[in-house]
Amino acid sequence: MQANSWRATARIDLAAIRQNLVVLTSRYGTKKYVADIAADAYGHGTSEVGRLARKAAVTVSESSNPLGGELYGLTRDPLLHAAMRVSALVIATKTIDAGEGVSYGYTWHAPTRTNLALVGIGYADGLDRSASNVGSLLLGGVEHRIVGRVAMNALVLDLGQHSAAIGDEAVVFGDPAVGEPAVGDWAGQLERPCAEIVAVFGSHLPREYRW
Amino acid sequence: MVVDLPQTAPTATIDLSAYRRNLARLAARVAPCALMAVVKADAYGHGLVPVARAAVAAGVEWIGTIDVETGLELRRNGIPRDVAVLTWQLAPNEDYAAAIEAELDFGVSTIGQLEEIVAVCASRRARVHLKIDTGLHRNGASVEEWPALVARALALSRSMEIVGVWTHIAEASESEDSAAIDRFSAALAVAEELGASPTVRHLGASAAAFTRADARFDLVRIGAFSYGISPGDGVSPSSLGLEPVMTLTAPVTAVNLGMATIAIGYGDGIPSAAAGRVRVVIDGRPYMIVSVQLDRLTIDIGDATVRPGDTAALFGAGAHGELTLQDWADALGTIGEEIVTRLSPRIRRRFFSEGVELNR
């Protein structure tokens, strides 16, 4: 689904998957290792990941196996790197007074006058509604909490005294090496498997590939 | 509707007749107010183009998509120009020229967006709906910004027409919604005083439009209820006179030691949290989901006879004993919208109208 390609993206780092393949084939043996590309390669793209595997002379399987997530860096193994980064753009900003409510049901009220950013990603993109008032996104180098209910296509961040501009990028998870939250942090907070998080985002968001 | 054909992959069956009946009931309920069929998020996972076409066939003259790209896709797929298509999540560098030529309507919150719209060369006036923030605090102009937004749109009337004035409300409580309606009425008065005369004033979505006459104004935006998705908290679709539109099924692929494997998993959008909380139904009998994996789930069948090739119903209208979307939402502590919109686009959608399958 390519709708809304400007506002939220799953960026796939194929170099990370290629490097993970090197680690895994040397660990298990090129002949024994089977690349698990079930569920559209865990949301990373069957054709792109399949091509990498074939180039490395690795067998692929469209039926999942319990260790399949290793290829996508979804385990705690420090030698394997996560390949998906999910981010979305700020689409509106505003400042509200203390006591004012935010989003459906007003499940959050501003304790003090504060700045808000509306970010173009929601539960229809794979950002769990259970992250409402719980999860955080990284924006301008600072983690800001989601306030109020996550809606179908948007959520609100409480920026406090920080500010943001329309078009700024907010990161759900990405590369911990550059200070971004890890997919495991996001998954852990929501008590969901990492594989579920990436498979769902990857099936709904437009994917952008880095080679 | 349950499909009896053998299947090898998960399938979402969309009953467009039920969808049209829901629209007809909702239209009658809100009349003389007009109804906008909201088809954002791939028509809540039901399939954008067939659903939008069914809405038009049912006589709907307003369609809501969230973004311009989806609006353009509808025009490319034959949604006629006399059906207005409202888009409101506008990109920082939106391609307004194509959108104006396609006669899409824009929900506008800022003067900056008005300036971007008039900056493009277009052969026709842009159709805008000015948005006021009445308390939801997502987009929409603040009360302070509102007069300037209206005045600027009026000053640009050679390039644009103020088709609508609108807002979203929080549905937090009766009294808070009443306060939002009052703020909306005040904003309308300001706009009219400045000289605006919008064709449509719109505020209410499914629940408020259904229950409150004072939330309807000229047009209501209906998404969830048109798909037979109710708000929960004990309110079922049938209590509203609505029918679920989607039935989700998947085949049994293996049976072993009192467990059966069903070919649908969290990679298809089934929440992993369904394990231990939700049952699937095969031949009218319910079986608890014991685990959800990437591309399959496992159910406990005990000593029952279940065979590979059998069809498991995950949710549907409930007519064959299957659970409903509302049962899933309640068991998982969420709303039906989240469950249907997170289903993977890779799940095959089959569309039926009057019992006949449509070719896509």
Side-chain angles (χ1 to χ4, degrees), chain A residues 1-7 36 38-40 42-43 62-66 68-69 89-92 94-96 100-107 110 116 118 120 122-126 128-130 148-156 165-167 191-193 195-196 198-200 202-204, chain B residues 40-42 44-45 48 65-70 73 89-94 109-110 112 133 135-142 145 168-173 176 205 223 265-273 292-296 332-335 337-347:
Chain A
M1 188 185 308
Q2 293 305 305
N4 282 326
S5 59
W6 59 269
R7 62 172 181 95
D36 177 356
D40 203 16
Y42 290 61
E62 293 206 41
S63 179
S64 71
N65 73 69
L89 301 187
V90 172
I91 53 181
K94 64 180 56 185
T95 303
I96 63 168
E100 294 197 59
V102 170
S103 194
Y104 295 118
Y106 291 154
T107 60
L116 304 177
L118 182 70
Y123 62 75
D125 303 300
D128 286 52
R129 198 165 162 270
S130 65
R149 278 195 196 137
V150 172
M152 192 178 288
N153 307 90
L155 56 80
V156 178
I166 290 171
E191 297 179 341
R192 300 213 188 256
E196 179 177 13
V198 292
V200 175
S203 71
H204 289 285
Chain B
K40 61 184 181 170
D42 198 27
Y44 288 51
L48 174 69
T65 75
I66 197 154
D67 61 312
V68 165
E69 276 178 77
T70 308
E73 187 180 345
Q89 215 177 63
L90 304 172
N93 299 303
E94 194 66 77
S109 298
T110 68
D133 181 357
L136 193 64
H137 297 318
R138 297 196 309 183
N139 47 23
S142 67
E145 295 161 342
H168 267 92
I169 62 168
E171 300 189 348
S173 68
E176 282 172 304
Y266 58 66
D268 301 294
I270 300 302
S272 57
V292 182
Q293 295 113 50
L294 183 71
D295 56 355
R296 68 192 83 141
L332 298 174
T334 187
I335 53 177
E337 290 97 313
E338 180 171 31
I339 294 165
V340 286
T341 58
R342 72 186 269 137
L343 292 175
S344 170
R346 290 178 301 109
I347 293 180

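Chain naming here is simple, since letters A, B, ... match the order of the sequence lines and numbering starts at 1 in each.
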Checklist outcome for this item: Nearest heavy-atom approach of B:Leu294 to A:Ser64 is CD2-CB, 3.9 Å

Checklist entry - Is any side-chain heavy atom of A:Pro66 closer than 4.5 Å to a side-chain heavy atom of B:Gln293? => result no

Item to check | Interatomic distance, B:Glu145 atom CD to A:Lys94 atom NZ [nearest 0.5 angstrom] | outcome: 7.0 Å

Item to check | Top contributor to chain A interface from B:Leu343, B:Thr110, B:Thr65 [non-hydrogen pairs under 4.5 Å] | outcome: B:Leu343

Next on the checklist: Please find the pair of heavy atoms, one from B:Gly269 and one from A:Val200, that lie closest to each other, and give the distance.
Outcome noted: CA-CG2, 4.5 Å

Checklist entry - Is the backbone N or O of B:Gly135 less than 3.5 Å from a side-chain atom of A:Tyr106, with the two atoms forming a donor-acceptor pair by type? => result yes

Item to check | chain A interface, residue from B:Ser272, B:Gly267, B:Pro92 that has the most non-hydrogen pairs under 4.5 Å | outcome: B:Ser272

Next on the checklist: I'd like to know if the side chain of B:Gln89 and the backbone of A:Asn153 have a donor-acceptor N/O pair within less than 3.5 Å.
Outcome noted: yes

Checklist entry - Highest number of heavy-atom pairs under 4.5 Å with chain B: which of A:Arg192, A:Met152, A:Glu191? => result A:Met152

Item to check | Test side-chain contact (heavy atoms from CB on, under 4.5 Å) applied to A:Ser63 and B:Arg296, step by step | outcome: CA-CA 9 Å; A:Ser63 179; B:Arg296 68 192 83 141; 3.2 Å; yes

Next on the checklist: Distance check, rounded to the nearest 0.5 Å: A:Asp128 atom CG versus B:Arg342 atom CZ?
Outcome noted: 5.0 Å

Next on the checklist: In the structure I gave you, are the side-chain heavy atoms of B:Ile335 and A:Arg129 within less than 4.5 Å of one another anywhere?
Outcome noted: yes

Checklist entry - Looking at B:Pro271, B:Gly112, B:Gly223, which makes the most heavy-atom pairs under 4.5 Å with chain A? => result B:Pro271

Checklist entry - Heavy-atom distance under 4.5 Å to chain A: side chain of B:Glu338, backbone, both or neither? => result both

Checklist entry - Atom NE2 in A:His204, atom OG1 in B:Thr341: separation rounded to 0.5 Å? => result 6.5 Å

Next on the checklist: To the nearest 0.5 Å, what is the distance between CD1 on A:Ile166 and CG on B:Asn93?
Outcome noted: 11.0 Å

Checklist entry - Among A:Ala195, A:Gly68, A:Gly69, which residue forms the greatest number of heavy-atom pairs with chain B at distances under 4.5 Å? => result A:Ala195

Checklist entry - Closest approach of A:Glu196 and B:Ile270, non-hydrogen atoms and distance? => result OE2-O, 3.8 Å

Next on the checklist: When you compare the side chain of B:Arg138 with that of A:Tyr104, does any pair of heavy atoms fall below 4.5 Å?
Outcome noted: yes

Checklist entry - Given that the side chain runs from C-beta out, which part of B:Asn139 has a heavy atom under 4.5 Å from chain A: side chain, backbone, both or neither? => result both

Item to check | Gap separating the CZ atom of A:Arg7 from the CG atom of B:Leu90, nearest 0.5 angstrom | outcome: 12.0 Å

Checklist entry - Looking at side-chain heavy atoms only, is the closest gap between A:Val156 and B:His137 below 4.5 Å? => result no

Item to check | Residues which pass ring-ring contact (aromatic ring centres under 6.0 Å, His included) with B:Tyr44, listed by chain and number, not counting sequence neighbours | outcome: B:Tyr227

